[in-house]
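The next block holds one structure in the form of structure tokens; read it before the comments.
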Amino acid sequence: MQRISGPHMQEKYQPAEVELAAQQHWVKTQAARAVEDTTKPKYYCLSMFPYPSGKLHMGHVRNYTIGDVLTRFHKMQGYNVLQPMGWDAFGMPAENAAIQNKVPPAKWTYANIDYMRSQLQRLGFAIDWEREFATCTPEYYRWEQWLFTRLYEKGLIYKKLGTVNWDPVDHTVLANEQVIDGRGWRSGALVEKREIPMYYMKITAYAEELLADLDQLPGWPEQVRLMQKNWIGKSTGVRFAFPLADNSNEKLWVFTTRADTIMGVTFVAVAAEHPLATRAAANNPELAAFIEECKKGGVAEADIATMEKKGMPTGIFVQHPLTGEQVEVWVGNYVLMGYGEGAVMAVPAHDERDFAFAKKYNLAIKQVIAAEGETFSLDGWQEWYGDKSRGTCVNSGKYDGLAYEAAVDAIAADLAAKGLGEKKVQFRLRDWGISRQRYWGCPIPVIHCESCGDVPVPDDQLPVVLPENVEITGAGSPLAKMPEFYECTCPKCGKPARRETDTMDTFVESSWYFLRYACPDNTQAMVDERVAYWCKGGIDQYIGGIEHAILHLLYSRFFTKLMRDVGLFGEQKLDEPFANLLTQGMVVAPTFYRDAEGGKKDWINPADVDVTTDERGRPTGATLKADGQPVVIGGTEKMSKSKNNGVDPQSLMDEYGADTARLFMMFAAPPDQSLEWSDAGVEGAFRFLKRLWKLSHDHVAAGIVPAYSGGELDGVLKDFRRQLHQTIGKVSDDYGRRKQFNTAIAAVMELLNAFAKLPDSPEARSVKQEALEAAVLMLFPIVPHACQALYAELKPGCDAGQATFPKADAAALVQSEIELMLQVNGKLRGSIKVPADAAKDAIEAAALASETVQKHLDGQAPKKVVVVPGRLVNIVV
RNA sequence: GCCGGGAUGGCGGAAUCGGUAGACGCAGCGGAUUCAAAAUCCGCCGCCGCAAGGUGUGAGGGUUCGAGUCCCUCUCCCGGCACCA
């Protein structure tokens, strides 16, 4: 094997040279190529694929370095490893770029992919590039269309009206992101809600399984499972009807989880789009105007939930299903047509929102729950009013005295007897609307025929190819303006027909790409038996941002189950795609700005700012490098274009090399926490690599020797060797179990600090050889280029990438004497040394005999002595 | 608004199962080297205090021999909220 850094080791660490040589070596030896091999355990390590936005940002560097560390570590542990990469290539930014720069989305996307691929290669990730694909190619999305037609036939995809943000000036549908303060981002027009037909995936049919299987995912963070559980939101309640008071036999259906409060209903609220509201508005211009007002504004839940609750009576009355009393129907802007029945019963006394609404409009508030020791008052809302775990029914006739569960059961039974309702399990989860009125996405494979209706495109006409030369204006859907795309013939009857011009939500592509990596070259099927090899028991590690905790991960779980039920996995049992999940935190950086006209702020990039500090290093101010004048120090925020606080990873790589970038990212914070960018921290990472290089160089220059393999050692060397093997144990645990790399790096740093203080003797040299070999292998997953070169110097002819990860030597860990802390009344007062195998009473005696303890006891007898083996002794006086 | 998370020196963070708070690194300070600087190496470094000592993990309360860690109340910050990806 070639010596990577040449016949004479460079004295100075030169990352550009070292990294180029290492990367060429890996390409030549196909080090990252993954081949199915049943003789080894497999390890599929997956990072969330990037949207090709132009260039890598720090979040990508962080995400993919974490993945690469785990990939390389597991390879050194003997696993057959797969680390793939691809491109989530459909999406809005390509259309925005097309509007701004007049570049076709496809061209822009492919150019970005080429650049970003080169950046990933420059970072030295052990990616199997033979498996790369972009989701915007027909070779990929044809299978998505194929699956769509299967699901459509199974009834798992259906059409219904959905509410979207409508820009009345641009005549276009806007994403929530494009609605700013209720206005369209380009036109500035007030956005309206509009109902249009859309295709939906029946994710609610899988709600029960998606919820239950969360318990089968011990490798997921508890917080993510909890978020998904709450999102699915299973609740048991009662669906029941209020008959209309006009004796028309019509009914208004509602769902409630608080049927126990049914006797406290004082009004009913319906959504603005509810048929009853429409009917009432027909001869009530004031109400019609109010309904129009409700339709203003966007559809985002966060906006609806925080806006002022408003309502108006309809003049329509319904009968209370149990008392027969007349109850008025109101239209409320906070009731959503898309949830449940689009109508809710209102119990102001026991629902905080209803309480506020009733106070505002002077509606009746009737207490029907009482809790012991509490007084009900209309002065203000109190927490216990809505707490179903407390209290019993009052003012509720035959239900008086019943607690929550008993009351719900009795009331549900009575409603059922009247044929007006029943208990029902309800999910918060809604079906997934996948239609988008956009160009740069996967065409929905449906043809609309006047005679045959909606006809899925037959297999032999797939893929429906997205035309690539299109003019994007930002107004309206481009495909709907292209007769050459939408004019077609019906596959059933052959008559002229119209092709669907909506495309799919881009979450669809990212819901199954991880399965396609197993078999990206298959032109005959969506997936094949290689999925059974790589995805058996789930993908071993998935790494990505916490912002995907709900949507992407839930959709991916859903798709895996859909594909299983379409029979795509054959005999293999694959219910869940990701066995282990690591959610990484954001990359944040300080912000700087100057106030500009109109209350706006000019954000200044951290790279252009000098921060001044006082004699203790505390920041006292900041100035712009260009003019030396002060700028305002803002908060520390997620790197973004809008705050101009992004740092380009490319400049980091150019200046320090890939290893320093990787080391800094892994050292600055544990993976799941946010990571604060710091120029000085990067310097520190670079300094450490220089130090590692120099220590190795000095050792190699004095002549390499066989690593220590046995024999008596004196105190210093014995202690150091114990530290070495403790470090090996800790680093293995940090990589393998804890997935916390900052502490692994810190442990190796400590080891090298101790290493630098070792004496120079023949014995010491063999221990140093052992330590350097181990340190270089331990750091290899994080800084593979430098370690590849160093290992070849320490063990000529050996390839660090093919080496086995060091194992701790149990014999080296044995300790004869240990130190115990001494506490008096819980306060640290000193320490004692005892034999490692000392008995409890011997420890107690030694502690009591110690000078410090005697001083604090001051002649008194201890009340209690607590001995924690291996830790401390606490004496209570 | 709802769901989930976070807060520890001047800064990033460590403390893995309730047991030495501040590992490791950055910044700072002192020294060595140097004509000088950079680089490098050595040492100091939570706060108050001359010291003894006291005090300290967002705020307040509690459990415990012992709390950064567990429980209750609160404040601020961050992620998600279904068309950003």
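Any value given below was found using the heavy atoms of this structure, including those in side chains, with hydrogens, waters and symmetry copies removed. Lettering follows sequence order; numbering is per chain, from 1.
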Practice prompt. Please determine, for the side chain of A:E676, which listed nucleotide (B:G4, B:C11, B:A15) has the closest atom?
Written response: B:C11
Worksheet item: Should A:E683 and A:Y656 be marked as a side chain to side chain donor-acceptor pair (under 3.5 Å) after you check the CA-CA gap, both sets of side-chain angles, and the distance that decides it?
Response: CA-CA 9 Å; A:E683 287 276 355; A:Y656 297 98; 2.9 Å; yes
Worksheet item: Looking at A:Y13, does the NZ or CZ of A:K694 lie under 6.0 angstrom from its six-membered ring centre and within 45 degrees of the ring axis?
Response: no
Item to complete: Go through B:G1, B:U20, B:G43 for me and flag the one nearest to the A:A305 side chain.
Response: B:G1
Item to complete: Look at the side chain of A:Q437 and the base of B:C83, then say whether one donor and one acceptor between them are separated by less than 3.5 Å.
Response: yes
Practice prompt. Identify which nucleotide among B:C3, B:C83, B:U16 has an atom closest to any side-chain atom of A:N165, counting heavy atoms from C-beta outward.
Written response: B:C83
Worksheet item: Between the side chain of A:N165 and the main-chain N/O of A:V299, is any donor-acceptor distance below 3.5 Å?
Response: yes
Practice prompt. Between B:U20, B:A85, B:A82, spot the one nearest the side chain of A:D88, thanks.
Written response: B:A85
Discussion item. Under 4.0 Å, counting only non-hydrogen atoms across every strand here, what does A:Q673 touch: a base, just sugar-phosphate, or nothing?
Written reply: sugar-phosphate
Discussion item. What's the closest nucleotide to the side chain of A:M749 if the choices are B:A15, B:U40, B:G25?
Written reply: B:G25
Fill in: Shortest side-chain distance from A:M227, nucleotide among B:C26, B:A85, B:G4
B:G4
Fill in: Which atom of A:D505 lies closest to which atom of A:G433, heavy atoms considered
OD2-O, 4.4 Å
Worksheet, complete the sentence: Rounded to whole Å, the CG-P distance (A:L554 to B:C3) equals 18 Å
Discussion item. Counting the atoms with a prime plus P, OP1 and OP2 as sugar-phosphate, which does A:S510 contact under 4.0 Å by heavy atoms, base, sugar-phosphate, or nothing?
Written reply: nothing
Worksheet item: If you measure from the P atom in B:G25 to the same atom in B:A15, how many Å do you get, rounded?
Response: 16 Å
Discussion item. Suppose we call two aromatic rings close when their centres sit under 6.0 Å apart. Are A:F667 and A:F741 close by that rule?
Written reply: no
Discussion item. From CD of A:E683 over to C1' of B:G28, roughly how many Å is that when rounded to an integer?
Written reply: 16 Å
Practice prompt. Give A:M48 one of three labels, base, sugar-phosphate or nothing, depending on what nucleic acid heavy atoms sit under 4.0 Å from its own.
Written response: nothing
Worksheet item: B:A14, B:G79, B:G13: which one has an atom nearest the side-chain heavy atoms of A:A669?
Response: B:G13
Discussion item. Measuring from the side chain of A:W231 (C-beta onward, heavy atoms only), which nucleotide among B:C84, B:C81, B:U16 has the closest atom?
Written reply: B:C81
Fill in: Among B:G4, B:G19, B:C24, the one nearest A:Q223 by side-chain distance
B:G4
Worksheet item: Expressed in whole Å, how much space separates the C1' atoms belonging to B:G30 and B:U8?
Response: 28 Å
Item to complete: Could you check which of B:C24, B:C65, B:A15 has an atom nearest any side-chain atom of A:V876?
Response: B:C65
Worksheet item: Between A:Y735 (OH) and B:U16 (P), how many Å, whole number?
Response: 20 Å
Worksheet item: Looking across every strand, which nucleic acid part, if any, lies under 4.0 Å from A:P670 by heavy atom: base, sugar-phosphate, or nothing?
Response: sugar-phosphate
Item to complete: Looking at every strand, decide which applies to A:R225 at a 4.0 Å heavy-atom threshold: base, sugar-phosphate, or nothing.
Response: nothing
Discussion item. Strictly below 4.0 Å, N to O, side chains only: are A:K360 and A:E308 in salt-bridge contact?
Written reply: yes
Worksheet, complete the sentence: Between A:L226 and A:F667, the residue closer to the 5' end of RNA chain B by nearest nucleotide is A:L226
Worksheet item: With ring centroids as reference points, do A:W512 and A:Y555 lie under 6.0 angstrom apart?
Response: no
Item to complete: Tell whether A:R691 reaches the base of B:U40 with its side chain through a donor-acceptor pair below 3.5 angstrom.
Response: no
Worksheet entry | Sugar-phosphate, base or nothing in reach of A:F688, heavy atoms under 4.0 Å | nothing
Worksheet item: A:D303 has an atom CG; how far is it from atom P of B:G1, in whole Å?
Response: 14 Å
Practice prompt. Report the base-pairing partner of B:G79 (Watson-Crick or G-U wobble, both distances below 3.5 angstrom), or none.
Written response: B:C3
Item to complete: Identify whether the glycosidic angle of B:C17 places it syn (within 90° of 0) or anti.
Response: syn
Worksheet item: Is A:S674 touching bases, backbone alone, or none of the nucleic acid, heavy atoms closer than 4.0 Å?
Response: sugar-phosphate
Discussion item. Using the C1' atom as the point on both nucleotides, what is the distance between B:C26 and B:U64, in whole Å?
Written reply: 38 Å
Worksheet item: When all nucleic acid strands are considered with a 4.0 Å heavy-atom cut-off, which category describes A:A685: base, sugar-phosphate, or nothing?
Response: nothing
Discussion item. Just confirming the chi classification of B:G28, syn or anti, using 90° around 0 as the syn window.
Written reply: anti
Fill in: Sugar-phosphate only, base, or nothing, as touched by A:V224 at under 4.0 Å among non-hydrogen atoms
nothing
Practice prompt. Report which part of the nucleic acid A:Y51 touches: base, sugar-phosphate, or nothing (heavy-atom distance under 4.0 Å, all strands).
Written response: sugar-phosphate
Practice prompt. Would you check, one step at a time, whether the test ring-ring contact (aromatic ring centres under 6.0 Å, His included) holds for A:Y141 with A:F90?
Written response: CA-CA 10 Å; A:Y141 66 68; A:F90 277 137; 5.7 Å; yes
Worksheet item: For RNA chain B, whose closest nucleotide is more 5', that of A:L872 or that of A:K694?
Response: A:L872
Worksheet item: Taking atom P of B:C26 as reference, at what distance in whole Å does atom CG of A:L663 sit?
Response: 11 Å
Worksheet item: Taking atom types as they are modelled, is there a donor-acceptor pair under 3.5 Å from the base of B:C3 to the side chain of A:N230?
Response: no
Discussion item. Categorize A:L820 for me: base, sugar-phosphate, or nothing, with a 4.0 angstrom heavy-atom threshold over every strand shown.
Written reply: nothing
Worksheet item: With a 4.0 Å cut-off on heavy atoms, is A:V173 in touch with a base, just the backbone sugar-phosphate, or nothing at all?
Response: base
Worksheet item: B:U55 base to A:K827 side chain: any donor-acceptor pair below 3.5 Å?
Response: no
Discussion item. Can you tell me if A:N874 touches the phosphate of B:U64, counting only side-chain N or O atoms and a distance under 4.0 Å to OP1 or OP2?
Written reply: no
Worksheet item: Within the structure shown, what part of the strands sits under 4.0 Å from A:H548 by heavy-atom distance: base, sugar-phosphate, or nothing?
Response: base
Worksheet item: When all nucleic acid strands are considered with a 4.0 Å heavy-atom cut-off, which category describes A:S678: base, sugar-phosphate, or nothing?
Response: nothing
Practice prompt. Mind calculating the distance between CZ (A:R871) and C1' (B:C65) to the nearest angstrom?
Written response: 17 Å
Response to the item:
From NZ of A:K690 across to C1' of B:U40 the rounded distance in Å is 9 Å
Worksheet entry | Rounded distance in Å - CD1 (A:I180) to P (B:C84) | 12 Å
Worksheet item: So, A:D167 and A:S187: side-chain donor and acceptor under 3.5 Å apart, yes or no?
Response: yes
